[in-house]
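Shown next, in structure tokens, is the structure this report addresses.
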Amino acid sequence: MHRPALHAAAALLFACTLPAHAADTIAVTVTPDQPALGKGDDVNVTVTLTNTGNAPQRLLKWRTPFVPPEHALFSITRDGMPVRYLGRHVKRAAPSEADYIVLAPGESRSARVELSKLYEMQVTGAYSVRYQTSNAAPSAKAGAGIVVGDIASAPAAIWIEGRLPRGVVTPNLAAPSGPAGLSFSQCSNAQQESVTKAFAAGTAMAADGVEYLTSRKQQGPRYVNWFGPHEAARVTTVTNNFSAIKNAFETKPVKVDCGCDEPYFAYVYPAQPYNIYVCKAFWTAPMTGTDSMGGTLLHEMSHFDVVAGTDDHVYGQSAAAELARTAPQRAINNADSHEYFGENNPAQQ
């Protein structure tokens, strides 16, 4: 994600001098309001995070249930099969100090979350709900007291007598039909002009990525820096992802909505292709280069379930490079990693 250079430099200096904390110092419980629900009942759970360590712990706000949901914080299954996430994926800058909350030693904090508006839970069945999220880049340089790694609860069981019968497989939400191209919602003339240029830039980045990946250059520094060491299955995944992103830019009806007034850069609902919502920080980004308008659209396009289905494991170039080094299986599913590979700035072979 995009970030002011001065903040990035300060954050890096801070991170290099102070230790991080392991995720196993945070205990998590998920408690359903009710163990059995009918088709008209909302699915509410209480999530409690407890600092079991002897020092203050800092958690990214957007990776907690204490702010409006912006990511899939839960792993949910129905009769053993994954349940689809219907909420937002938000594209942010690399985190600053203001993006953390602090839990004192022994402190617990709880939030009640309504799950049925965020996940597909209308089918009858036995649901297993587990809080499971990665709190930061897996780096020892994450900063003072910042919790690094996965935070997960034990699964909680809920029976739902839903409005659809047990065993029904719900189809993907219908993608919009119509000719390929770009349309707008709530965009001024000037904004339409900027988005049109950004769309062309994102299309070119996707095409360049496909050309690189299909010309057997995957052992080069460009690939390795953003996706980790060459490994055939991972290379195939990234190649398929970029082919799908390129295809979406070139052949799908894409709508960009300019009405977002939030400070971050953009968001999408991954189950609702091909609608992209651009926000305040999008308009101050460069057209190309690192953290660009074109790269933002590529990032968002990668999120759609029918495209590449990427997640936001980490934000920012430093964290994305660290993810490639330490957790390449996550890097190939990280939207910023795809953006930075596409932007290729500074250029690598």
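Since this is a predicted model, take the numbers as computed values, not measurements.
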Closest approach of [X] and [Y], non-hydrogen atoms and distance?
X      : Y      : answer
Pro165 : Val123 : O-CG1, 3.3 Å
Tyr85  : Pro270 : CD2-CG, 4.2 Å
Glu97  : Arg58  : OE1-NH1, 2.8 Å
Pro253 : Pro179 : CB-O, 3.5 Å
Thr296 : Ala266 : CG2-CB, 3.8 Å
Leu298 : Gly342 : CD1-CA, 4.4 Å

message = For His71 and Tyr315, take the angle between the two ring planes, folded into 0 to 90°, and tell me which bin it lands in: parallel under 30, tilted 30 to 60, perpendicular over 60.
response = tilted

Is there a chain of hydrophobic side chains (I, L, V, M, F, W, Y, each step under 4.5 Å between heavy atoms) that links [X] to [Y]?
X      : Y      : value
Val28  : Tyr119 : yes
Val235 : Ile332 : yes
Val268 : Trp283 : yes

Approximate separation, where rounding is to 0.5 Å, of [X] [atom1] and [Y] [atom2]:
X      : Y      : atom1 : atom2 : result
Phe199 : Ser194 : CZ    : OG    : 15.0 Å
Ile101 : Leu60  : CD1   : CG    : 9.5 Å
Ile76  : Gln132 : CD1   : CD    : 11.5 Å
Thr25  : Asn54  : OG1   : CG    : 9.0 Å
Cys187 : Glu193 : SG    : CD    : 12.5 Å
Cys260 : Gln186 : SG    : CD    : 10.0 Å

ask   = Where do Val278 and Ile276 land on the side chain to side chain contact (heavy atoms under 4.5 Å, CB included) test, with the steps shown first?
value = CA-CA 6 Å; Val278 293; Ile276 299 174; 4.3 Å; yes

If only atom types and distance count, is the side chain of [X] paired as donor or acceptor with the main-chain N or O of [Y] below 3.5 Å?
X      : Y      : answer
Asn51  : Ala104 : yes
Asp311 : Asn333 : no
His303 : Thr310 : yes
Asp79  : Ala126 : yes
Glu343 : Asp291 : yes
Asn225 : Ala324 : no
Thr124 : Leu164 : yes
Asp257 : Asn275 : no
Glu231 : Pro229 : no
Gln191 : Ser188 : yes

ask   = Distance under 6.0 Å and angle within 45° of the ring axis: does Arg222 meet both against Phe341?
value =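 Satisfied, under 6.0 Å and within 45°.
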
task = Kindly indicate whether a cation-pi arrangement holds for Arg234 with Phe227, taking the cut-offs as under 6.0 Å to the six-membered ring centre and within 45° of the axis.
result =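 Cation-pi check for Arg234 and Phe227: fails.
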
With heavy-atom distances below 4.5 Å as the criterion, would you say the side chains of [X] and [Y] are in contact?
X      : Y      : value
Thr48  : Arg109 : no
Met81  : Thr77  : no
Ile158 : Val129 : yes
Val47  : Phe74  : yes
Tyr269 : Leu86  : no
Tyr100 : Leu59  : no
Ser110 : Thr29  : no
Phe249 : Val254 : no

inquiry  = Pair Val102, Gln57 - check side chain to side chain contact (heavy atoms under 4.5 Å, CB included), show working.
reply    = CA-CA 6 Å; Val102 178; Gln57 306 283 292; over 6 Å; no

Is the distance from the ring center of [X] to that of [Y] below 6.0 Å?
X      : Y      : answer
Tyr212 : Tyr223 : no
Tyr264 : Phe282 : no
Phe242 : His338 : yes

task = Determine, stepwise, if the pair Thr203 / Lys246 fulfils side chain to side chain contact (heavy atoms under 4.5 Å, CB included).
result = CA-CA 6 Å; Thr203 302; Lys246 176 178 179 289; over 6 Å; no

ask   = Does Asp42 come within less than 4.0 Å of Lys117, counting only side-chain N to carboxylate O?
value =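 Answer for the salt bridge query: no.
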
Salt bridge Glu120-Arg78, side-chain N to carboxylate O under 4.0 Å =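 Salt bridge between Glu120 and Arg78, a charged N being under 4.0 Å from a carboxylate O: no.
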
Criterion ring pair (Phe, Tyr, Trp, His ring centres under 6.0 Å) against Tyr277, the qualifying member of Phe184, Phe265, Tyr267 =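 One option only clears the test, and that one is Tyr267.
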
query = If you draw a 6.0 Å radius around CE in Met287, do more than 12 non-hydrogen atoms from other residues or ligands fall strictly inside?
reply =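 Above 12, so yes.
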
task = Would you please test Thr290 and Asn345 for side-chain hydrogen bond (donor to acceptor under 3.5 Å, both in side chains) and show each step?
result = CA-CA 6 Å; Thr290 301; Asn345 186 60; 2.8 Å; yes

request  = Check the pair Tyr274 / Val306 against side chain to side chain contact (heavy atoms under 4.5 Å, CB included), numbers first and verdict last.
outcome  = CA-CA 9 Å; Tyr274 297 91; Val306 297; 3.6 Å; yes

request  = Show your reasoning for whether side-chain hydrogen bond (donor to acceptor under 3.5 Å, both in side chains) applies to Ser116 and Glu114.
outcome  = CA-CA 6 Å; Ser116 50; Glu114 204 283 280; 2.4 Å; yes

